[in-house]
Amino acid sequence: MKFTIQNNDPKSNARAGFIETDHGNIETPIFMPVGTIGSVKAVHINDLKDAVKAQIILGNTYHLYLRPGLDVLEGAGGLHKFNGWDRPILTDSGGFQVFSLAHRRKITNEGVTFQSHIDGSRHLFTPERVMDIERSIGADIMMAFDECPPYPCEKDYARNSMNITHGWLDRCISHFNKTEPKYGHSQALFPIVQGSVYTDLRKESAEYIAKLGCEGNAIGGVSVGEPIDLMYEMTEIVCNILPKDKPRYLMGVGTPANILEGISMGVDMFDCVMPTRNGRNGMIFTRNGMMNMKNEKWKHDFSPIDSESDLYSDLQYSKAYLRHLFSANEILGPMIASLHNLHFYLWLVKEARKHIIANDFATWKAQILPIVSQKL
RNA sequence: GGGGAGAUUCCAGAGUGGCUAAAUGGGGCAGACUGUAAAUCUGUUGGGCGACCUUCGGAGGUUCGAAUCCUCCUCUCCCCA
């Protein structure tokens with residue numbers, strides 16, 4: 001994996017670049033659709049490639065390990081072959097599930113004992129085990145196994161959690177270096193900065209990770225319910241410490257506004273369930289603001305879903321029809337909305353990239369941010 | 001023609017003397033959603049939007065008090081001829 005910066009925005013820390021992987025290049029800043037269980041919910045691979053123009057998607061170690069399981073994934077020849085996505089894939093390590101499935105796990109220095117949310121069976125995840133699983137999945141970018149602390153979180157807990165994450169990280173790197181990719185393409189390992197909302201912990205964690213010289217670095221433990229200003233504050237602190245010549249990944253973020261702010265702080269990669277989950281729940285993001293397509297106000301609005309978009313379905317279907325699909329609980333509604341939202345998110349980062357290269361990102365951001373954030 | 005059951009708030013459907021503006025479900029309306037246990041979850045749904053007023057087929061009656069009891073009327077459904 002190789003990261004090249006093409007241009008730095010003169011008035012912010014935003015930068016445009018590209019990442020080269022064995023499955024193709026990724027232009028940054030980039031948004032990565034989330035495909036937890038090996039599928040970006042409600043969206044076909046073909047649409048993801050041709051309509052959304054997604055460049056990289058996510059998978060999740062914990063979920064894929066439980067189902068379909070490693071025998072199936074290895075039998076298929078890795079996740080790329082299994083789901084037909086031949087572009088880059090990033091796998092989250094299951095660290096977020098340490099947080100989201102908090103009531104069914106136990107954390108020790110050794111690792112985490114999980115109880116499966118599917119059948120209640122117990123599983124032990126250690127850093128070594130997670131590296132092995134991510135090797136079996138075959139992601140181009142593997143995330144280190146971390147603990148994502150909740151918010152709010154006492155400082156003592158946050159410090160201890162950060163130290164555990166750092167200890168696990170050392171073991172991840174060591175095991176990563178001892179093992180080989182299984183499918184002939186190279187894999188990179190990204191460590192994850194933690195430290196909750198405490199500036200000194202965040203600095204300590206970022207400095208710890210900056211020294212390791214990994215191929216890319218991630219900021220975790222944000223977007224877990226903390227005030228947005230705190231998220232921005234932590235992101236900024238960490239970005240200023242992480243190496244400039246390596247991609248920075250802000251995990252789990254976020255709204256269009258969050259992404260624009262993140263880019264201006266120097267973040268290169270984002271992922272979030274919001275475009276797909278909110279899409280399934282009837283909410284769409286557009287360059288003119290956010291719309292709840294279930295609302296009565298669209299009932300007789302026969303104009304295209306998004307007339308400024310170049311996505312076929314945005315022009316083909318009307319707002320009234322999309323509202324009807326949601327009212328009738330038709331599966332096509334979530335499909336159209338998810339596709340639309342992903343297309344918009346990818347459009348947004350592509351536009352941002354264009355303006356970074358044109359040296360007017362900050363101006364453009366100031367202009368578009370209030371517009372995309374409003375409710376229609 | 002004979003016998004029986006029933007009419008409840010947008011719909012379906014509980015309720016059978018006061019705790020009932022009325023269960024529950026559906027529908028409607030609105031909100032939430034940030035490394036996905038999510039095609040999910042939450043709120044609200046007579047009016048005035050205060051301690052107030054009008055509701056449970058219609059009219060009358062019993063009672064301190066009725067959606068709930070009585071009388072008549074209207075309509076619906078079922079069974080037997």
Side-chain angles (χ1 to χ4, degrees), chain A residues 31-43 56-64 66-67 89-105 114-120 134 139 141-151 165 190-194 218-228 230-232 235 249-259 261-262 267 269-285 290 292-299 323 325-338 341 345 375:
Chain A
F31 177 79
M32 309 181 281
V34 179
T36 307
I37 317 177
S39 117
V40 175
K41 293 184 194 293
V43 181
I56 170 172
I57 62 173
L58 258 67
N60 184 277
T61 302
Y62 165 80
H63 288 281
L64 290 168
L66 287 182
R67 196 164 53 190
I89 293 176
L90 179 151
T91 39
D92 184 28
S93 61
F96 186 74
Q97 281 63 45
V98 178
F99 155 78
S100 67
L101 301 171
H103 58 288
R104 11 172 105 232
R105 53 81 167 145
F114 278 106
Q115 230 184 318
S116 160
H117 68 283
I118 300 166
D119 62 5
E134 293 191 85
I141 299 173
M142 304 168 34
M143 299 309 298
F145 190 49
D146 66 332
E147 194 213 335
C148 178
Y151 179 86
T165 292
F190 281 22
I192 302 171
V193 173
Q194 287 294 348
I219 305 164
V222 294
S223 65
V224 289
E226 78 283 10
I228 292 302
L230 278 178
M231 181 176 98
Y232 290 153
T235 303
Y249 165 27
L250 184 59
M251 305 183 77
V253 174
T255 64
N258 295 162
I259 289 174
E261 296 292 5
V267 175
M269 304 162 71
F270 301 87
D271 80 282
C272 190
V273 302
M274 205 170 252
T276 42
R277 178 186 285 170
N278 287 28
R280 288 197 304 283
N281 293 333
M283 182 186 173
I284 68 171
F285 299 90
M290 303 176 281
N292 184 343
M293 295 315 297
K294 291 179 178 172
N295 286 171
E296 193 175 21
K297 62 175 120 178
W298 312 117
K299 193 170 186 176
R323 175 188 138 86
L325 292 175
F326 276 104
S327 299
N329 202 24
E330 277 293 314
I331 191 108
L332 185 57
M335 290 171 67
I336 291 172
S338 298
N341 282 343
Y345 267 62
K375 279 186 190 170

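Values in this document were obtained by computation on a predicted structure and should not be read as measured data. Per chain, numbering begins at 1; letters A, B, ... match sequence-line order.
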Check your understanding: Under 6.0 Å between the ring centres of A/H103 and A/H117?
Key ->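 When the ring centroids of A/H103 and A/H117 are compared, they turn out to be at least 6.0 Å apart.
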
Check your understanding: Quick one: does A/S100 reach the base of B/rU36 with a side-chain donor-acceptor pair under 3.5 Å?
Key ->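 By the distance-only test, no, there is no pair.
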
Review point. Can you find an N or O donor on one side and an acceptor on the other, under 3.5 Å apart, linking the side chain of A/N60 with the base of B/rG35?
Key: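 Checked by distance alone, the answer is no.
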
Review point. Does the side chain of A/S338 come under 3.5 Å of the side chain of A/N341 through a donor N or O and an acceptor N or O?
Key: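 A/N341 and A/S338 do not have a side-chain donor-acceptor pair below 3.5 Å.
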
Say we look at [N] and [M]: how far apart would their [atom1] atoms be, to the nearest angstrom?
N: B/rU54; M: B/rA21; atom1: P; result: 13 Å
N: B/rG57; M: B/rU76; atom1: C1'; result: 11 Å
N: B/rA67; M: B/rG46; atom1: C1'; result: 15 Å
N: B/rG58; M: B/rU40; atom1: C1'; result: 47 Å

Check your understanding: Which of these nucleotides, B/rU34, B/rG35, B/rA39, is closest to any side-chain atom of A/F96?
Key ->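 The nucleotide sitting nearest to the side chain is B/rG35.
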
**Study point:** Selected nucleotide, minimal atom distance to A/M274 side chain, candidates B/rA39, B/rG35, B/rU34
**Key:**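 Per side-chain heavy atoms of A/M274, the pick is B/rU34.
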
Exercise for review: Could you label the plane-to-plane angle of the A/F285 and A/Y345 rings as parallel, tilted or perpendicular, counting under 30° as parallel and over 60° as perpendicular?
Suggested key: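 Perpendicular: the ring planes of A/F285 and A/Y345 meet at over 60°.
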
So [X], base contact, sugar-phosphate only, or nothing? Heavy-atom distance under 4.0 Å.
X: A/T276; answer: base
X: A/Q194; answer: base
X: A/G333; answer: nothing
X: A/N281; answer: base

Distance test, side-chain N/O of [X] to OP1/OP2 of [N], below 4.0 Å:
X: A/S223; N: B/rU34; answer: no
X: A/Q97; N: B/rU36; answer: yes
X: A/R280; N: B/rU40; answer: no

Restricting both atoms to N or O, compile the protein contacts to nucleotides 28-30 of chain B shorter than 3.5 Å, with distance only.
{"from": "B/rC29", "atom 1": "OP1", "to": "A/R323", "atom 2": "NH2", "distance (Å)": "2.8"}
{"from": "B/rA30", "atom 1": "OP1", "to": "A/E296", "atom 2": "N", "distance (Å)": "3.2"}
{"from": "B/rA30", "atom 1": "OP2", "to": "A/E296", "atom 2": "N", "distance (Å)": "3.2"}

Practice item. State, with a plain yes or no, whether a side-chain heavy atom of A/K299 is found less than 4.5 Å away from one of A/N295. Key: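 They are not in side-chain contact.
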
Point to revise | Given RNA chain B, 5'-ward residue of the pair A/K375 and A/C148, judged by closest heavy atom | key: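 Upstream on the strand: A/K375.
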
